[in-house]
Student: 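Here's a structure for you.
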Number of protein chains: 2
Amino acid sequence: MSVTDINIRLKSVAVITYTEPMVRWQPGTSERLQAAALELFAGRGYEQTTAAEIAQSVGLTERTFFRHFSDKREVLFRGQELLTEAFLGGIAAAPEGATPMELVAAALDSVADFFPSERRSHARLRQSVIDQNPALQERERHKMSVLASAIGDALRERGVAEPTATLAAQSAGMVFGIAFTQWIREGEERSITDIEHELLAELRRLTGASHTA
Amino acid sequence: MSVTDINIRLKSVAVITYTEPMVRWQPGTSERLQAAALELFAGRGYEQTTAAEIAQSVGLTERTFFRHFSDKREVLFRGQELLTEAFLGGIAAAPEGATPMELVAAALDSVADFFPSERRSHARLRQSVIDQNPALQERERHKMSVLASAIGDALRERGVAEPTATLAAQSAGMVFGIAFTQWIREGEERSITDIEHELLAELRRLTGASHTA
DNA sequence: GTCTATAGTGCGATAGAC
DNA sequence: GTCTATCGCACTATAGAC
């Protein structure tokens, strides 16, 4: 049997295995790690769960976990990038002459699709994990801060001057954060955009309030 | 020799070592660690500096470092508690009938003493270290968030209702953060309270702006 | 003060996809 | 052949437990 024969055999085997795709490399590795991590964190606690355990629970090694996520906390924070894109898309889609505050409102409105009512229970579970660990809270704040910075950049690109751009961007981040917290509160029924609108109105009232009590 | 005798002996030894005070426990250990840490971080970078090196540079062990600071980052963030107290003191000192926005302004005004012009260069050095490391930025955001939460509690105790209290508290934190960033910017000459006042005015303008461009 | 578990990195080897 | 995901191993620093 020649070397060529061996190659041919191996190739035919490869073709057969391809019809049953991804035997060793199953797709969506990151997603499976995220799901497994949330489940383990919720069950046993964040600190009581090692990166190795998460990896093993989906048939991978610790080293692979860290290939997908730069650190252990990050496994809970994928998707924030998509949220940022939604915000920026909302700003980009706003009409030319929009005021800074209208751009903020456009950004806030654009994330409605991310938070349908069905996602509330998942969001609550995830948040309950985050709320129980300071390190996770730090990461969450950091992500929100990065989001606000991105909004600030977008506003500046649309010609909004400083310090208005930074103020408006951080206000958007602030309102979104408070709205999200309220949205996942037990018993809350309003949509996240409804909550956002009420908060924006309240912010207007707050800053515009007269100086008499 | 009874158990009581042993206790007496041990006590007398303790008294003797106490009469030669603070030979190995020099005062201001935390402060010396903080100063050494900042210097090393600025010179070599945060990640390139180990906790053991910081400790050794002031004649202490790594273990002692972690007794003073729960983690390595924390050595850069002491003093935030004093800042929080200043904010809360400003709110407490505000007159009875103050509006939420007046309470916010009172809180912002109360931190002027923390940021005299002489402290700018030190603040800049510290910030340059923080800006170069995401982990430190996360801690900084977290501290600001804790500060805003504390302000929110104080506002609620003064009878401010939700969601106004949270909105006002986070606005205060936001304005302070932007003001501080501006205050340490090269060439900036205004006091931090002056910057804060201008930002508050700008926030009023932003939220109250008409809907025409 | 000592010991230890875990987080996280660096690098070389392997193996599948193309 | 290239590219990339995975593994395996050695290693350090952090941080907590004892």
Side-chain angles (χ1 to χ4, degrees), chain A residues 3-4 6-34 36-37 40-41 43-78 129-130 132-139 142, chain B residues 17 23-25 29-30 33-34 36-37 40-41 43-78 129 132-139 142:
Chain A
V3 172
T4 307
I6 292 172
N7 282 341
I8 290 170
R9 274 197 188 234
L10 288 175
K11 279 190 178 176
S12 65
V13 169
V15 168
I16 289 168
T17 53
Y18 186 66
T19 55
E20 187 197 67
M22 309 296 177
V23 178
R24 169 175 171 158
W25 296 346
Q26 292 186 16
T29 304
S30 293
E31 288 76 10
R32 286 184 300 128
L33 283 169
Q34 288 173 58
L40 287 169
F41 291 163
R44 253 191 278 171
Y46 172 76
E47 289 185 338
Q48 284 66 46
T49 307
T50 69
E53 287 169 337
I54 299 166
Q56 281 161 21
S57 80
V58 295
L60 296 170
T61 66
E62 180 188 53
R63 194 66 188 83
T64 303
F65 176 92
F66 284 113
R67 222 190 129 66
H68 284 266
F69 302 100
S70 55
D71 64 53
K72 186 180 157 188
R73 287 174 286 165
E74 195 62 17
V75 74
L76 277 175
F77 292 94
R78 280 288 164 78
V129 171
I130 293 171
Q132 279 163 20
N133 191 284
L136 294 174
Q137 293 166 37
E138 290 191 30
R139 176 58 53 87
H142 183 69
Chain B
T17 53
V23 177
R24 43 184 301 191
W25 291 357
T29 303
S30 292
L33 281 169
Q34 288 173 59
L40 288 168
F41 291 164
R44 254 191 278 171
Y46 172 76
E47 289 185 340
Q48 285 65 48
T49 308
T50 68
E53 286 169 339
I54 299 166
Q56 281 160 23
S57 80
V58 295
L60 297 170
T61 66
E62 179 188 57
R63 187 68 186 80
T64 305
F65 177 93
F66 283 111
R67 248 196 286 275
H68 284 268
F69 303 99
S70 56
D71 65 53
K72 185 181 158 188
R73 287 175 287 166
E74 195 61 19
V75 73
L76 276 176
F77 292 93
R78 278 289 164 76
V129 171
Q132 279 164 18
N133 191 284
L136 294 174
Q137 293 166 38
E138 289 192 29
R139 176 58 52 87
H142 183 69

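Values in this document were obtained by computation on a predicted structure and should not be read as measured data. Below, read A as the first sequence line, B as the second, and so on, with proteins coming before strands; counting in each chain starts at 1.
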Student: When the distance from CZ of A/R73 to C1' of D/dT14 is rounded to whole Å, what number comes out?
Tutor: 13 Å
Student: How is B/A51 classified with respect to the nucleic acid when contacts are heavy atoms under 4.0 Å: base, sugar-phosphate, or nothing?
Tutor: sugar-phosphate
Student: Let's see if you can work this out: which of C/dT6, D/dT6, D/dA17 has an atom nearest to the side-chain heavy atoms of B/R63?
Tutor: D/dA17
Student: Within this structure, what is the NZ-to-P distance between A/K72 and C/dT6, rounded to whole angstrom?
Tutor: 9 Å
Student: Are any of the side-chain heavy atoms of A/H68 and A/L60 separated by less than 4.5 Å?
Tutor: no
Student: Side-chain contact, heavy-atom cut-off 4.5 Å: A/R32 with A/T29?
Tutor: yes
Student: Let me know the distance between CD of B/E62 and P of C/dG1, rounded to the nearest Å.
Tutor: 12 Å
Student: Between A/H68 and A/E47, who's closer to the 5' end of DNA chain D by nearest nucleotide?
Tutor: A/H68
Student: For D/dT6, take OP1 and OP2 only and decide whether either is under 4.0 Å from a side-chain N or O of A/T29.
Tutor: yes
Student: Using only side-chain N and O atoms of A/T64, determine if any of them is under 4.0 Å from OP1 or OP2 of D/dC7.
Tutor: yes
Student: Expressed as a whole number of angstroms, how long is the span from A/Q48:CD to D/dG16:C1'?
Tutor: 12 Å
Student: Please report the distance, rounded to the nearest Å, between CD in B/E74 and C1' in D/dT14.
Tutor: 15 Å
Student: Find the distance A/D71:CG to D/dA15:P and express it as a whole number of Å.
Tutor: 13 Å
Student: Restricting to non-hydrogen atoms, name the atom on B/F69 and the atom on B/R78 that form the minimum distance, rounded to 0.1 Å.
Tutor: CE2-NH1, 3.5 Å
Student: Does A/R67 make a side-chain donor-acceptor contact with the base of C/dG8, cut-off 3.5 Å?
Tutor: no
Student: What integer distance in Å separates B/F66:CZ from C/dT6:P?
Tutor: 17 Å
Student: Quick one: does B/R73's side chain get under 4.5 Å of A/E138's, heavy atoms only?
Tutor: yes
Student: Please name all residues satisfying ring pair (Phe, Tyr, Trp, His ring centres under 6.0 Å) with B/Y46, sequence neighbours left out, ordered by chain then number.
Tutor: B/F41
Student: Quick one: A/Q56 CD to D/dT6 P, roughly how many Å, whole number?
Tutor: 15 Å
